[in-house]
Amino acid sequence: MKQSIKDMVAQALSKAFQAGDLTSDDFPDITVDEPRIEAQGDLSVNTAMVMAKNQKMSPRKIADIILKHLDDPQSIVEKTDIAGPGFINFFMHPKAYHPVVHTVHEQNERYGASDMGTGIRTQVEFVSANPTGPLHVGHGRGAAVGDSVARILRFCGYDVQTEYYINDSGRQINTLGRSVYLRYLEKTGQTLTFPDDCYKGDYIVDLADQILARDGRALLDMSDEEGINICARFAADSILADIAEDLKNFGVTFDQWFSEQSLYDDGKVQEAMERLKSNKTVYENDGAFWFNTTAFGDEKDRVVVRSNGQTTYFASDIAYHQNKFARGFNQIIDVWGADHHGYIPRMKACISASGHDSNDFHVILVQLVSLLRDGKPVAMTTRGGVFETLKDVVDEVGSDAARFIFLSRHYESQLEFDLELAKKKTNDNPVFYVQYVHARISSILKKAADEKNIHTFERNDEAVSLLLESEETGLIKALARYPEVIETAGKNLEPHRITYYLMNLSSLFHAYYNKHKVLTDDPLLTTGRLYLILAVQKVIKNGLSLLGVSAPEHM
RNA sequence: GCGCCUGUAGCUCAGUUGGAUAGAGCAACGGACUUCUAAUCCGUAGGUCGUACGUUCGAGUCGUACCAGGCGCGCCA
């Protein structure tokens, strides 16, 4: 639709120039907007204003000239108007939108898909929580965002791989093992003071119980180191399995689980360090090795190998991101918690120093989630061992509601997640509002089948041409916008645009439903309306699937 | 102190990448169920877009400074 207007205006411009009405043929790009206000038409063009300086004419006069030369062979434009400082407003004929309904049906679940990412291999890495404890709601938001971004990019034609990076090397795993080991010792009757730097959650005690059940008191005959080791391996495996399970119940699975330890085992970290040393990007000072990140805009240089010989987390991250590019990805997307934002400059530095374009590396910083119950904050301290896990939330409100709410805000906004609200089955809860549209339409289709014996839907131009109510035109216009919404969401990595779109489309549908009957006495009109709502249903289902939310047949 | 993010209706948030008279949901108030699902709809009310300059035909959107909140600034992960 926008393209048609664009072509028409472009043609008018060149005709006007040939006729001598314009002084310059240096024309700007024509952008077509949808005005917010109905009185300003369906589409508008600001070209006349943009051209004013160049043509040395007033915008309104240029607008006049454009309209004079405008051809509309298919008469899709009902009326035009010059308004304000020089906008040209187009009021489209309702029938101009009818082809959209056919397009939705023809393209089906591919409606809205594009090829803008064709040939671009993209990796989306998200969650990547340490296997030292269960996922909490913050991880849930990251999971929802990462998973949805991956789905959207795939739909936009990108070749996408999702990945979970497992921080399973040395230290934190050791702390985990020690925590479980100490709880184990307590279970066997020893009294001890539990250190502050150990994990205090109940799940640690559970893990100690499990080891006790499996190995009995056998660990008491070993050295502490050995005992800690056994506890560490058992606990990490067990927790990682739980994490995978929780994510699966949340509708999130990964193409790849990537172990940090494997980078050490395969010598990749060592390799990366040697390469950077020979580059002079990494240099020695005070017995430690430093990455020259300031040369790439960071505030200060960062240590990669400490003077005691141990590598830092940054070192393995460098190797990891080099490895990502080595695996052939052209574009790398990391989803991080907002508290890691200070890490971005050094990662960009590492990408650049490794000979890649730091513009191919995107970080989605997901802001914190504050969990509420009936409007009051739920305490969430990881250190103290009291927190709301993702599993608890998903068990309580369901995966659909949780995902939809996580994706109902821009990821850079802090999010308030009210548990009671998420469980409500009313208008307050946007998930049900959207899913209800899908269920309602299913219900109408069922009734059409049962009572009117209508089972199949084939293209019927005559029936669709009867869709002239303003609510119908509004719905079709919304359907027409969908591909553009997907494209913007993909380009900006912003799933919430789809969430908002779906709520808007749902609102239009509910209003239509309340005002007009779909199943009428007029068979042709009924056919047209069924065809329309079926298209709406397809788009709703499609959009929900990009968010990872189900589309129920009945509720 | 430095850096990043945020600041829009009473509350929670959008805002088509610089367009016209700034939107939605919730809360408040008033209406609509003999119905294809009332888990819905219709209406009313609600604003100095944190503040001040600047950029231009035009600023919620871009720039600078300040104010407020959150987060980050280790040879931690």
Side-chain angles (χ1 to χ4, degrees), chain A residues 31-37 39-40 44 46 49-50 52-53 58-59 83-87 89 130 132 167 169-172 175 197 285-290 298-300 302-314 316-317 337-345 365 367-368 370 372 375 408-410 412-416 418 421 424-433 435-437 439-448 450-452 481 484-485 488 491-492 496-497 499-501 503-504 506-507 509-520 526 529-530 533 554-555:
Chain A
T31 55
V32 183
D33 288 318
E34 291 170 53
R36 287 190 273 232
I37 298 163
Q40 294 168 359
S44 86
N46 66 357
M49 286 145 67
V50 180
K53 205 172 258 179
S58 82
F87 291 98
N89 296 331
N130 294 347
T132 54
N167 295 117
S169 87
R171 256 147 303 163
Q172 65 271 42
T175 304
D197 61 347
N285 189 29
D286 290 339
F289 287 91
W290 299 71
D298 199 5
E299 294 174 336
K300 53 193 280 193
R302 310 289 175 174
V303 170
V304 287
V305 184
R306 295 193 279 166
S307 49
N308 65 8
Q310 284 190 317
T311 51
T312 63
Y313 187 84
F314 184 39
S316 50
D317 253 354
D339 51 341
H340 287 78
H341 73 255
Y343 214 72
I344 294 176
L365 280 183
Q367 285 290 337
L368 302 181
S370 31
L372 308 177
S408 68
R409 303 278 177 261
H410 190 118
E412 273 179 7
S413 281
Q414 292 183 20
L415 174 72
E416 293 202 346
D418 194 310
L421 188 97
K424 274 193 193 164
K425 305 199 167 182
T426 68
N427 200 0
D428 305 8
N429 189 341
V431 198
F432 290 97
Y433 188 78
Q435 287 182 323
Y436 188 35
V437 171
R440 255 187 166 168
I441 291 173
S442 291
S443 175
I444 298 171
L445 295 175
K446 185 172 182 306
K447 180 146 179 158
D450 291 350
E451 295 180 10
K452 294 190 184 281
R481 273 180 49 224
E484 209 175 311
V485 170
T488 314
K491 213 179 281 174
N492 297 327
H496 78 283
R497 289 178 183 275
T499 314
Y500 274 87
Y501 170 82
M503 289 197 280
N504 179 253
S506 299
S507 159
F509 175 79
H510 285 311
Y512 176 56
Y513 175 92
N514 270 275
K515 191 160 174 191
H516 303 285
K517 299 279 283 185
V518 172
L519 305 177
T520 66
T526 302
R529 289 187 171 173
L530 281 169
I533 65 165
H554 47 81
M555 299 175 69

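Just so it is clear, the values below take in all heavy atoms, side chains as well, and ignore hydrogens, waters and symmetry mates. Protein chains get the first letters and strands the later ones, always in sequence-line order, with residue 1 at the start of each.
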Would you indicate which nucleotide in [options] comes nearest to any side-chain atom of [X]?
{"X": "Tyr500(A)", "options": "rC36(B), rG19(B), rA14(B)", "result": "rA14(B)"}
{"X": "Glu484(A)", "options": "rU16(B), rC75(B), rA39(B)", "result": "rU16(B)"}
{"X": "Ile444(A)", "options": "rA39(B), rC36(B), rA20(B)", "result": "rC36(B)"}
{"X": "Val50(A)", "options": "rC75(B), rA14(B), rG19(B)", "result": "rG19(B)"}
{"X": "Tyr513(A)", "options": "rC36(B), rC13(B), rA20(B)", "result": "rC36(B)"}
{"X": "Pro35(A)", "options": "rC75(B), rA20(B), rC13(B)", "result": "rA20(B)"}
{"X": "Ser443(A)", "options": "rG19(B), rC36(B), rC2(B)", "result": "rC36(B)"}
{"X": "Glu412(A)", "options": "rU16(B), rG19(B), rC5(B)", "result": "rC5(B)"}
{"X": "Met49(A)", "options": "rG15(B), rC75(B), rG19(B)", "result": "rG19(B)"}

Atom pair distance, as rounded to whole Å: [atom1] in [X] and [atom2] in [N]:
{"X": "His410(A)", "N": "rU61(B)", "atom1": "NE2", "atom2": "P", "value": "17 Å"}
{"X": "His340(A)", "N": "rG70(B)", "atom1": "NE2", "atom2": "C1'", "value": "16 Å"}
{"X": "Tyr501(A)", "N": "rG15(B)", "atom1": "OH", "atom2": "C1'", "value": "17 Å"}
{"X": "Glu34(A)", "N": "rG23(B)", "atom1": "CD", "atom2": "C1'", "value": "15 Å"}
{"X": "His341(A)", "N": "rG72(B)", "atom1": "NE2", "atom2": "P", "value": "8 Å"}
{"X": "Phe314(A)", "N": "rG74(B)", "atom1": "CZ", "atom2": "P", "value": "14 Å"}
{"X": "Leu365(A)", "N": "rC5(B)", "atom1": "CG", "atom2": "P", "value": "9 Å"}
{"X": "Tyr313(A)", "N": "rC73(B)", "atom1": "OH", "atom2": "P", "value": "13 Å"}

Answer with base, sugar-phosphate or nothing: what part of the nucleic acid does [X] contact at a heavy-atom distance below 4.0 Å?
{"X": "Ala439(A)", "value": "base"}
{"X": "Gln414(A)", "value": "sugar-phosphate"}
{"X": "Gln435(A)", "value": "nothing"}
{"X": "Gln172(A)", "value": "sugar-phosphate"}
{"X": "His554(A)", "value": "base"}
{"X": "Ser44(A)", "value": "base"}
{"X": "Lys447(A)", "value": "sugar-phosphate"}
{"X": "Ala288(A)", "value": "base"}
{"X": "Asn89(A)", "value": "base"}
{"X": "Asn504(A)", "value": "nothing"}
{"X": "Lys515(A)", "value": "nothing"}
{"X": "Asp339(A)", "value": "sugar-phosphate"}
{"X": "Thr175(A)", "value": "nothing"}

Provide the distance between the two [atom1] atoms, one in [N] and one in [M], to the nearest whole Å.
{"N": "rG46(B)", "M": "rG1(B)", "atom1": "C1'", "answer": "42 Å"}
{"N": "rA24(B)", "M": "rA9(B)", "atom1": "C1'", "answer": "11 Å"}
{"N": "rG50(B)", "M": "rG10(B)", "atom1": "P", "answer": "13 Å"}
{"N": "rA14(B)", "M": "rU40(B)", "atom1": "C1'", "answer": "23 Å"}
{"N": "rC4(B)", "M": "rG43(B)", "atom1": "P", "answer": "45 Å"}
{"N": "rC5(B)", "M": "rC42(B)", "atom1": "P", "answer": "39 Å"}

Produce the list of close N/O pairs, under 3.5 Å, pairing protein atoms with atoms of nucleotides 25-33 of chain B; give distances to one decimal.
{"from": "rC26(B)", "atom 1": "OP1", "to": "Asn427(A)", "atom 2": "ND2", "distance (Å)": "2.8"}

- Query: May Tyr433(A) be described as stacking on the base of rA39(B), applying a 5.5 Å centroid limit and a 30° limit on plane angle?
  - Reply: no
- Check: rC75(B) base within 3.5 Å donor-acceptor of Ser307(A) side chain: yes
Does [N] have OP1 or OP2 sitting under 4.0 Å from an N or O in the side chain of [X]?
{"X": "Arg440(A)", "N": "rA38(B)", "result": "yes"}
{"X": "His516(A)", "N": "rC36(B)", "result": "no"}
{"X": "Ser370(A)", "N": "rG70(B)", "result": "no"}
{"X": "Arg302(A)", "N": "rG74(B)", "result": "no"}

- Ile533(A) side chain near Tyr513(A) side chain, heavy-atom distance below 4.5 Å: no
- Query: Please, what dot-bracket string fits RNA chain B when only Watson-Crick and G-U pairs with both distances under 3.5 Å count, crossing ones use [ ] and pairs to another strand use |?
  - Reply: (((((((..((((.....[...)))).(((((.......))))).....(((((..]....))))))))))))....
